Amino acid sequence: MLPYINIPFAYVANLLGAAPDELKLIVCFLLSYPLAGVLKRLPDNKPWLKNAFNITIAVFYLVGLFDLWGGLAVILFDAVGAYLIAAYVAGPYMPWLGFVFLMGHMSISHIYRQLAASPSSVDITGAQMVLVMKLSAFCWNVYDGRQKASELNENQRDRMLTRLPHPLDYAGFVAFFPSIMIGPAFDYVDYQRWLNTTMFDLPPGTDPAHAPPTRKKRRIPRSATPAMWKMATGLTWILIFLQCSKYFGPHIVLSPQYADMNILTRVFHLHMLSFVARTKYYGVWTLTEGACILSGIGYKGLDPKTGKPDWSRLTNIKPLGVELAQNSHAYLGNWNVNTNHWLRNYMYLRVTPKGKKPGFRASMATFVTSAFWHGFMPGYYMTFVLASFIQNVAKNSRRLLRPFFLTPDGTKPTPYKSYYDLLTWLVTQLAFSFVTAPFILLTIHDSLHAWARVYFYAIVGTLACSAFLASPGKSWLQAKVKARSSSNNNTSTGPPGGALGRVESDNGDGLQEGATLGVPSEPGEEWDEMVEEIMVEVKRRRGSKPGPEGVELRRLVEDTLQRTTSSGGPEGEKKGL
């Protein structure tokens, strides 16, 4: 740490009642704006200078501001290790080796942080979580560059690296200072295209007169205005957090006075606990996105509708998308967007054999990865498990109920659609306020204590809806939806399927499958897929030996799985298959 640099932070933090490290972090984000302005103005024909500037500022942040010498060693270890694995390990296991190396090392850091139990201090785990996304993706990009282009999907072809980057370019990518502490994460090709300025090429056929304005001979378009809007928005969210956290926080829902409030007031406080916690993330992620925009790397091209520059490449949070979400998929999909992309492109789709649809293995691998990536506090896992069941209920309920609030052809809302929208918004927000409480409270004791004070309303509701979906009532509603759709098909010349076909394929928000923080969207279906996969494996291992088949084999597999999961160990395996 630079001499005396901690004195003013400690003084101001004492006046505000905050921790010095938290104040330093905000100053770090704000300082990134003028520094990003300098970075943007470095000559385009001197990429080495931009790399050196990134590295210098990153070291200043880690060591000069936070005294994280150990953190600097962690980042160097991960960066060098991932580069060497990508360079010298051949074959299909290379990216998996890189993934295990990075996740394993980060898990150790999570454990150290958990043992330290100092949530207000800044350590290296936040930066390391971002680095794991960047470097595991880097290993996959290098692997894709060694494959035939015809075997890759469009995204993989766009991201692949046919040769290893120069070590200095790679170091600049690792140390990109506007996002080093908490993100956003991005792939190496984004940094490469920003560095060589090909990111700012006009699409083929575009009139040069429509090119975004730049200064002098610089290729990076002007970005001060959108960056300043992001900074102002981020600071507003942080101000809301600072003001509201005094009135809505863990200290309220865990206090004896909370039990004396009426039930509606308790539910309100639980909701505000979640909302106020979110505002902190809205603030810091918006601030870092603004610094990335100012540097130029947030450029996504020209908006096809307006023809103006689109600066949303590194958008990591969509507050309105979260706060106005009417279903769980939208709620999760608009939160931590870059982590969603990473989980989808570098886990969910990677564990799926080519030519097959992602199933149980993909969902479970993504779920476990997301959980381990966040850390090992019990509250994280309580949130993830309950969210998976809520997502399953919400998705099935939407398919069964939404068609009744649309015209039979599924194209227009009925007069009652606004009431449906209001109800689904309220249910979604209150359900996730309940679900995310353990993510904030962290411990099992505190989480159950807070849940009990509101009578476990989300768990009771989920169980009731799940029971209905397992009853004949589901078939009855499906028949009603089908009849409504059929009546339209009999009087319409439009495409078949009507409201049922439209709703079945509609997730409500255009969000990609498998892109919601690893939370399984169909636990019931994925259980069936797991059973089918185990049945196939049993038959393969048994070969020509006689044994149970069909329904009997499926029953044995399900009984074995249920005994194993209920006993918490392998005892069931000894008694079953």
Side-chain angles (χ1 to χ4, degrees), residues 114 117 119 241 244-281 322-323 325-329 331-332 335-336 367 370-372 374-397 423-470 516-521 523-524 565-566 568:
Q114 190 167 333
F241 170 74
C244 293
S245 58
K246 295 179 288 187
Y247 306 103
F248 305 101
H251 63 286
I252 299 296
V253 299
L254 298 177
S255 68
Q257 293 77 13
Y258 185 62
D260 298 330
M261 300 176 185
N262 66 61
I263 182 61
L264 293 180
T265 305
R266 277 177 271 163
V267 171
F268 172 73
H269 272 280
L270 192 68
H271 173 70
M272 291 303 295
L273 170 71
S274 176
F275 171 74
V276 172
R278 290 196 299 274
T279 60
K280 177 175 65 174
Y281 293 98
V322 176
E323 299 303 328
Q326 298 173 20
N327 58 75
S328 60
H329 196 68
Y331 191 101
L332 294 170
W335 176 266
N336 210 345
F367 178 87
S370 182
F372 272 62
H374 281 90
F376 300 104
M377 294 302 295
Y380 299 159
Y381 297 85
M382 294 173 71
T383 291
F384 274 91
V385 171
L386 181 55
S388 68
F389 286 98
I390 285 182
Q391 177 139 306
N392 179 51
V393 166
K395 191 171 183 178
N396 282 283
S397 299
L423 178 63
T424 53
W425 168 79
L426 183 63
V427 169
T428 298
Q429 297 300 321
L430 293 183
F432 274 94
S433 296
F434 182 95
V435 168
T436 55
F439 210 91
I440 302 165
L441 301 174
L442 299 178
T443 68
I444 294 176
H445 175 271
D446 289 350
S447 301
L448 292 178
H449 185 73
W451 278 358
R453 293 286 174 84
V454 291
Y455 305 115
F456 298 96
Y457 70 82
I459 295 176
V460 172
T462 301
L463 290 174
C465 291
S466 299
F468 176 83
L469 292 172
T516 51
L517 295 179
V519 176
S521 60
T565 54
S566 63

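Source: prediction; values computed, not measured. Residues: numbered from 1 along the sequence shown.
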Discussion item. Using side-chain heavy atoms (C-beta onward) and a distance below 4.5 Å, is I252 in contact with L273?
Written reply: no
Item to complete: Go through the steps to decide whether F275 and T279 satisfy the test side chain to side chain contact (heavy atoms under 4.5 Å, CB included), and finish with yes or no.
Response: CA-CA 6 Å; F275 171 74; T279 60; 3.8 Å; yes
Practice prompt. Taking the side chain as every heavy atom from C-beta outward, state whether S370 and F384 have any pair of such atoms under 4.5 Å apart.
Written response: yes
Discussion item. I want to check something: taking the side chain as every heavy atom from C-beta on, are Y457 and L270 in contact at a cut-off of under 4.5 Å?
Written reply: yes
Fill in: Heavy-atom closest pair, residues L441 and A450
CD1-CB, 3.6 Å
Worksheet item: Between F248 and H269, what is the ring plane arrangement, given parallel below 30°, perpendicular above 60°, and tilted in between?
Response: tilted
Discussion item. Using 0.5 Å steps for rounding, measure from the OG1 atom of T383 to the CE atom of M377.
Written reply: 11.5 Å
Discussion item. Does any part of the side chain of L386, heavy atoms only, come nearer than 4.5 Å to the side chain of W451, both counted from C-beta?
Written reply: yes
Worksheet, complete the sentence: The reported gap from CZ in F439 to CE in M382 (rounded to nearest 0.5 angstrom) is 13.0 Å
Item to complete: For H251, look at atom NE2 and say whether over 12 heavy atoms of other residues, nucleotides or ligands are found less than 6.0 Å away.
Response: yes
Worksheet item: Closest approach of V253 and R453, non-hydrogen atoms and distance?
Response: O-NH1, 4.3 Å
Discussion item. Nearest 0.5 angstrom please: T436 OG1 to H271 NE2, how far?
Written reply: 9.5 Å
Worksheet item: How many angstroms lie between CG in L426 and CD in Q326, if you round to the nearest 0.5 Å?
Response: 11.5 Å
Discussion item. To the nearest 0.5 Å, what is the distance between CG on N392 and OG on S388?
Written reply: 8.0 Å
Discussion item. With heavy-atom distances below 4.5 Å as the criterion, would you say the side chains of P378 and T443 are in contact?
Written reply: no
Worksheet item: Quick one: does L332's side chain get under 4.5 Å of F432's, heavy atoms only?
Response: yes
Worksheet item: For the side chain of Q429 and the backbone of V322, is there at least one donor-acceptor N/O pair under 3.5 Å apart?
Response: yes
Discussion item. Please verify the inter-ring angle class for F376 with F372; under 30° counts as parallel, over 60° as perpendicular, anything in between as tilted.
Written reply: perpendicular
Fill in: Y381 side, atom OH; H374 side, atom NE2 - distance, nearest 0.5 Å
10.0 Å
Item to complete: Please tell me if the side chains of F389 and V393 come closer than 4.5 Å, counting only heavy atoms from C-beta onward.
Response: no
Worksheet item: For residues 264-279, which residue pairs qualify under salt bridge (Lys or Arg N to Asp or Glu O under 4.0 Å), counting only residues two or more places apart or in two chains?
Response: R278-E323
Worksheet item: Looking only at heavy atoms, what is the nearest atom pair of S328 and T428, with distance?
Response: N-CG2, 4.3 Å
Worksheet item: With a 4.5 Å limit on heavy-atom distance, are the side chains of F434 and I459 in contact?
Response: yes
Worksheet entry | Atom CZ of F456: over 12 foreign heavy atoms under 6.0 Å | yes
Worksheet item: What pair of heavy atoms forms the shortest contact from I440 to S274, and how long is it?
Response: CD1-CA, 3.8 Å
Worksheet item: Just by modelled atom types, is the A394 backbone N or O under 3.5 Å from a matching donor or acceptor in the S397 side chain?
Response: no
